[in-house]
Amino acid sequence: MKITSAIPSALAMLVLAPAFLSSCLKDDDIDYNEWEQRNTKFVADKEMERDGLGQPVYTRYAPAWAPDAFVLLKWENDRFSTASSLSPMDNSVVRVKYALDNIDGTRISDSYSARASYGDSIYQCRPNDNIVGFWAALTQMKVGDKVTAIMPAVSAYGKVNNGTIPAYSTLVYTIELVSIPRYEVP
């Protein structure tokens with residue numbers, strides 16, 4: 001008798017579990033389907049953006065080591081002036097200044113207001129210690145370059161929340177590569 005009376009309770013738990021789990025997975029303030037669609041459209045629109053001469057404003061870069069990921073890069077400086085400068089390797093130590101916004105222009109983070117232990121708003125890292133999009137962007141830059149880098153969710157945090165960054169978020173970085181204090185790190 002106890003076994004049969006436990007079956008309806010177990011079935012009820014199975015029926016209610018998806019509703020319970022979905023309520024745990026979504027914040028009340030975020031419709032993840034709508035947010036994902038807005039972020040996907042933002043990236044597609046930026047990829048189609050053209051300058052006055054009809055040339056793409058953003059360059060798409062997909063690293064060979066992460067073929068499903070990509071980043072859209074727009075150089076904010078004259079690339080000829082930095083052409084002879086070094087580009088970092090994956091494991092170089094770099095010093096950058098950055099600002100991170102979401103697609104609505106809301107500031108998420110930046111090196112200017114964070115505690116920078118290297119002075120003058122510098123964030124020091126190795127490219128391969130960061131999310132795929134940031135890593136890929138840094139290795140395409142040369143010292144002195146400043147870019148706007150658009151990183152779709154697949155190149156950022158994907159389907160998971162990360163602190164104040166909701167799942168499916170496209171990240172919009174402004175990155176300035178200041179220096180490469182250690183070019184090759186074992």
Side-chain angles (χ1 to χ4, degrees), residues 39 42-158 162-165 169-186:
N39 280 265
F42 179 87
V43 172
D45 289 348
K46 291 298 182 182
E47 195 160 18
M48 297 305 296
E49 194 173 313
R50 301 287 186 251
D51 65 13
L53 301 173
Q55 298 299 312
V57 172
Y58 289 88
T59 301
R60 182 184 177 121
Y61 172 67
W65 43 266
D68 293 336
F70 67 92
V71 60
L72 301 178
L73 299 171
K74 177 174 82 171
W75 272 262
E76 304 293 345
N77 61 287
D78 176 5
R79 294 193 69 199
F80 293 109
S81 66
T82 59
S84 62
S85 299
L86 286 175
S87 287
M89 296 191 312
D90 297 333
N91 64 345
S92 297
V93 173
V94 298
R95 290 186 175 171
V96 301
K97 294 181 181 183
Y98 77 88
L100 169 60
D101 299 328
N102 69 14
I103 63 169
D104 295 330
T106 302
R107 179 65 36 96
I108 297 170
S109 171
D110 62 49
S111 63
Y112 306 99
S113 59
R115 272 194 220 155
S117 58
Y118 298 96
D120 195 24
S121 306
I122 299 292
Y123 167 61
Q124 181 170 296
C125 65
R126 293 181 186 182
N128 61 4
D129 286 340
N130 292 281
I131 58 172
V132 170
F134 199 84
W135 175 1
L138 283 174
T139 58
Q140 296 305 297
M141 297 173 69
K142 294 185 175 285
V143 173
D145 279 344
K146 184 175 183 178
V147 301
T148 298
I150 297 177
M151 301 168 198
V154 69
S155 302
Y157 298 106
N162 185 28
T164 60
I165 302 171
S169 289
T170 293
L171 304 180
V172 181
Y173 273 95
T174 303
I175 307 168
E176 181 181 353
L177 180 55
V178 176
S179 66
I180 304 173
R182 293 180 59 198
Y183 186 67
E184 192 169 4
V185 181

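Contact detail for Pro127 and Asp90: the closest heavy-atom pair is CD-O, 3.4 Å. When every heavy atom of Pro152 is checked against every heavy atom of Val43, the shortest pair comes out as CB-CG2, 4.0 Å. Closest approach of Met141 to Ser87, counting heavy atoms only: O-OG, 2.7 Å. A pairwise comparison of heavy atoms in Ala137 and Ala149 identifies CB-CB, 4.2 Å as the closest pair. In terms of heavy atoms, Pro63 sits closest to Ala136 at CG-CB, 4.1 Å. Nearest heavy-atom pair across Pro88 and Tyr183 is CA-CE1, 4.4 Å.
We find the CD1-OG1 distance between Ile103 and Thr170 to be 6.0 Å, quoted to the nearest 0.5 Å. Between atom CD1 of residue Ile175 and atom CD of residue Glu76 there is a gap of 11.0 Å, rounded to the nearest 0.5 Å. In this structure, OG on Ser155 lies 11.5 Å from CD1 on Ile150, to the nearest 0.5 angstrom. Taking CZ from Arg182 and CZ from Arg95, the interatomic distance works out to 10.5 Å, rounded to the nearest 0.5 Å. To the nearest 0.5 Å, the span separating CG on Leu72 from OH on Tyr61 amounts to 13.5 Å. With rounding to the nearest 0.5 angstrom, the CG atom of Asp145 is 7.5 Å from the OG atom of Ser81.
No donor-acceptor pair closer than 3.5 Å links the side chain of Thr174 to the backbone N or O of Thr148. Between the side chain of Asp104 and the main chain of Thr106, no donor-acceptor pair closer than 3.5 Å is present. In terms of modelled atom types and a separation under 3.5 Å, the side chain of Asn162 and the main chain of Ile165 share no donor-acceptor contact. Between the side chain of Asn77 and the main chain of Lys146, a donor-acceptor pair closer than 3.5 Å is present. Remark: side-chain polar atoms of Ser85 are paired, donor with acceptor, to backbone N or O of Val143 under 3.5 angstrom.
Two residues are said to be in side-chain contact when any heavy atoms from C-beta on lie closer than 4.5 Å; Leu138 and Cys125 meet this criterion. The closest side-chain heavy-atom distance from Lys97 to Ile122 is below 4.5 Å. Leu171 has its side chain within reach of Ile131: a pair of non-hydrogen atoms, C-beta onward, lies under 4.5 Å apart. Contact check for Pro181 versus Gln124: side-chain heavy atoms found under the 4.5 Å cut-off. Under the 4.5 Å side-chain criterion, counting only non-hydrogen atoms from C-beta, Val172 is in contact with Phe42. Proximity of Phe134 to Val71: side-chain heavy atoms (C-beta onward) are nowhere separated by under 4.5 Å. Inter-residue side-chain proximity for Val147 and Tyr173 is flagged as unmet; no heavy-atom pair is nearer than 4.5 Å. At least one side-chain heavy atom of Val96 sits under 4.5 Å from a side-chain heavy atom of Leu177.
At a cut-off of 3.5 Å, with distance as the only test, a side-chain donor of Ser109 or Tyr98 sits close to an acceptor on the other residue.
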Inset, instruction - Step by step, work out the side chain to side chain contact (heavy atoms under 4.5 Å, CB included) result for Asn128 and Trp65. - result: CA-CA 12 Å; Asn128 61 4; Trp65 43 266; over 6 Å; no
